[in-house]
Amino acid sequence: MTSSERPFLNRRLAEFGTTIFAEMSALAVQTGSINLGQGFPDTDGPEEVREAAVRALRDGRGNQYPPGPGVPELRAAVAAHQERRYGLLFDPDTEVLVTAGATEAIAASLLALLEPGDEVVALEPYYDSYAACIAMAGGTRVPVTLRPHEGSFRLDLDELRAAVTDRTRLLLINTPHNPTGTVLTREELTAVAELAVERDLLVVTDEVYEHLVFDEAEHIPLATFTGMRERTVTIGSAGKTFSFTGWKVGWITAPPALVSAVRSAKQFLTYVSSGPFQYAVAEALALPEAYFTAFREDMLAKRNLLSAGLADAGFEVFRTAGTYFITTDIRPLGESDGFAFCRALPRRAGVVAIPNAVFYDHREEGAPFVRFAFCKQTPVLEEAAARLKTLGA
Ligand SMILES: *Cc1c(COP(=O)(O)O)cnc(C)c1O
């Protein structure tokens, strides 16, 4: 093959050429649709946190390369947050690493911890960067499918156990789970932890929605379970919790040897990022409990509004216990192909959603499911619900 015949994108990434989000967001603009596809809030986070960023910038804090592991103020704030909320003790100097959002934390963890050929067991449907990062690291993904059971998507623990082989290096867990809204229960997490200990696996756990749990659901970090702290990389992010997704401030907490490994990869990805924003996020993490409660209640009202609207429009609506996404089943509307449905929805109803199939290896498993984001202003959700109601007509 000559260089002009050979595709530019390498084989590892060929299947990840373009994301559905670009296509759907372009469709939203073209058709003037309400975009409930991509999960970003349409209002900014707390004013005092924004002001803290302005202050840091004006005071010349973080305008030059911050320290590789993150600014000490933020590492201390992350450690204090983990202790206050979960009783988890981490040394800010050796057990916390600041990253360019959770996205870099995921990439650096997988690039650092995997050898080519290592298997990674991940919950399917999965956040889109997992598959690409496993591929970049030369790993092999082994999806375990969450399936509908009594109104929400659940993990089959026997399937999880069966997915682990002698080549498995790592479990990649996400709770609260995007896109299904599932929050793993104490029983499920106990089983995950027992399996990890029994098979001596590393665990990378994406907990960026830790503050977005509703009703009776409780977020319990995997690192709190017996035998887990020493084998777990926990990923957090300011983007979702404080509604500043553009700032790209994330972090990991893990024992020193794991932090050191992940940092080795991270230093050659971005080295450092988001200087002044790191100081602002340090202040945000120390906000009084009232902030987190109000944020959760606001999002809960939005979940209720959009869930009711979707049910009214004829979708089967799965219970969202956490995150800001609702997964629906389109079969009650006489549809079965989420891709076709989502491509047509902007012109049919003026709303954009995402076909869950893009988050599956087993595309057929995800075919009838469609995801809507509810992190939008109330009038926007009301208008979306009104538009969707025309679907049945
Ligand atoms: C949004 C999201 C991320 C990325 O977080 P950033 O901090 O914006 O990089 C990672 N994991 C999940 C499950 C997400 O939904």
Side-chain angles (χ1 to χ4, degrees), residues 9-10 12-13 16 19 21-22 38-40 45 49-50 52-53 56-57 60-79 81 90 92-114 120 127-139 170 172 174 178 202 204-208 233-285:
L9 186 61
N10 68 43
R12 290 192 305 287
L13 289 179
F16 309 108
T19 81
F21 297 101
Q38 206 164 9
F40 62 89
V49 176
R50 210 157 30 158
L57 205 134
R61 285 179 295 142
N63 292 330
Q64 309 305 330
Y65 294 136
V71 304
E73 287 84 347
L74 178 53
R75 282 184 278 119
V78 168
H81 172 271
F90 288 101
D93 290 330
T94 58
E95 298 187 312
V96 180
L97 174 68
V98 176
T99 56
T103 305
E104 190 195 31
I106 294 160
S109 298
L110 295 170
L111 288 169
L113 302 175
L114 295 178
V120 177
Y127 183 64
D128 58 346
S129 84
Y130 298 173
C133 288
I134 293 168
M136 286 194 275
L170 191 151
L172 178 51
N174 170 217
N178 173 7
L202 295 175
V204 173
T205 175
D206 178 343
E207 303 184 358
V208 301
V233 174
T234 304
I235 296 174
S237 170
K240 308 293 161 57
T241 296
F242 300 109
S243 302
F244 288 116
T245 57
W247 288 10
K248 298 302 287 188
V249 178
W251 51 83
I252 66 162
T253 48
L258 280 171
V259 163
S260 169
V262 176
R263 196 177 145 194
S264 295
K266 182 247 163 13
Q267 68 190 338
F268 299 119
L269 292 173
T270 57
Y271 178 47
V272 293
S273 59
S274 311
F277 299 127
Q278 291 192 28
Y279 292 95
V281 171
E283 292 191 29
L285 283 167

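Values below: every heavy atom of this structure, side chains too, minus hydrogens, waters and symmetry copies. What you see is a predicted model, and the numbers here were worked out from it, not measured in a lab.
- Using a 4.5 Å cut-off on side-chain heavy atoms (C-beta onward), Thr241 and Leu285 make no contact.
- In this structure, OG1 on Thr234 lies 12.0 Å from CH2 on Trp251, to the nearest 0.5 angstrom.
- Put simply, the side chain of Gln278 gets close to the backbone of Val71: a donor and an acceptor are under 3.5 Å apart.
- Shortest non-hydrogen contact noted between Val259 and Val96 is CG2-N, 4.2 Å.
- Between Val120 and Val204 there is no side-chain heavy-atom pair separated by less than 4.5 Å.
- Proximity of Leu202 to Val233: side-chain heavy atoms (C-beta onward) are nowhere separated by under 4.5 Å.
- Asn10 and Arg12 get closest at one heavy-atom pair: OD1-N, 3.0 Å.
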Name the atoms and distances for all side-chain donor-acceptor pairs under 3.5 Å in residues 100-110, with sequence neighbours left out.
| from | atom 1 | to | atom 2 | distance (Å) |
| --- | --- | --- | --- | --- |
| Thr103 | OG1 | Lys248 | NZ | 3.2 |
| Glu104 | OE1 | Ala100 | N | 2.7 |
| Glu104 | OE1 | Lys266 | NZ | 2.9 |
| Glu104 | OE1 | Thr270 | OG1 | 3.3 |
| Glu104 | OE2 | Thr270 | N | 3.3 |
| Glu104 | OE2 | Thr270 | OG1 | 2.6 |
| Ser109 | OG | Ala105 | O | 2.6 |

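- In terms of heavy-atom proximity, Ala280 sits nearest to Ala53 at CB-N, 3.5 Å.
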I'd like to know whether Ile134 forms a side-chain contact (heavy atoms from CB on, under 4.5 Å) with Leu172, so could you lay out the CA-CA distance, the side-chain angles of the two residues, the decisive distance to 0.1 Å, and finally the verdict.
CA-CA 10 Å; Ile134 293 168; Leu172 178 51; 4.2 Å; yes
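- Summarising the geometry, atom CZ belonging to Arg263 is positioned 8.5 Å from atom OH belonging to Tyr271; distances are rounded to the nearest 0.5 Å.
- Between Leu74 and Val249, some side-chain heavy-atom pair lies under the 4.5 Å cut-off.
- To the nearest 0.5 Å, atoms OG1 (Thr245) and NZ (Lys240) are separated by 7.5 Å.
- Contact detail for Ala265 and Leu111: the closest heavy-atom pair is CB-CB, 4.3 Å.
- What you find for Ala261 and Leu113 is that their closest heavy atoms are CB-CD2, 4.1 Å.
- The distance from the CZ atom of Phe242 to the CZ atom of Arg50 is 15.0 Å, given to the nearest 0.5 Å.
- The side chain to side chain donor-acceptor pair (under 3.5 Å) test applied to Gln38 returns no partner, not counting sequence neighbours.
- The aromatic rings of Tyr127 and Tyr130 lie perpendicular to each other, with more than 60° between the two planes, well past the 30° mark.
- Atom CZ in Phe90 sits 12.5 Å away from atom CG in Leu97 (nearest 0.5 Å).
- Scanning all heavy atoms of the two residues, the minimum distance from Phe16 to Ala135 falls at CE1-CB, 3.7 Å.
- With a 4.5 Å cut-off on side-chain heavy atoms, Pro276 and Asn63 count as touching.
- No side-chain donor-acceptor contact under 3.5 Å links Asp206 to the backbone of Ile235.
- Taking 4.5 Å as the limit, some side-chain heavy atom of Met136 sits within range of a side-chain heavy atom of Leu13.
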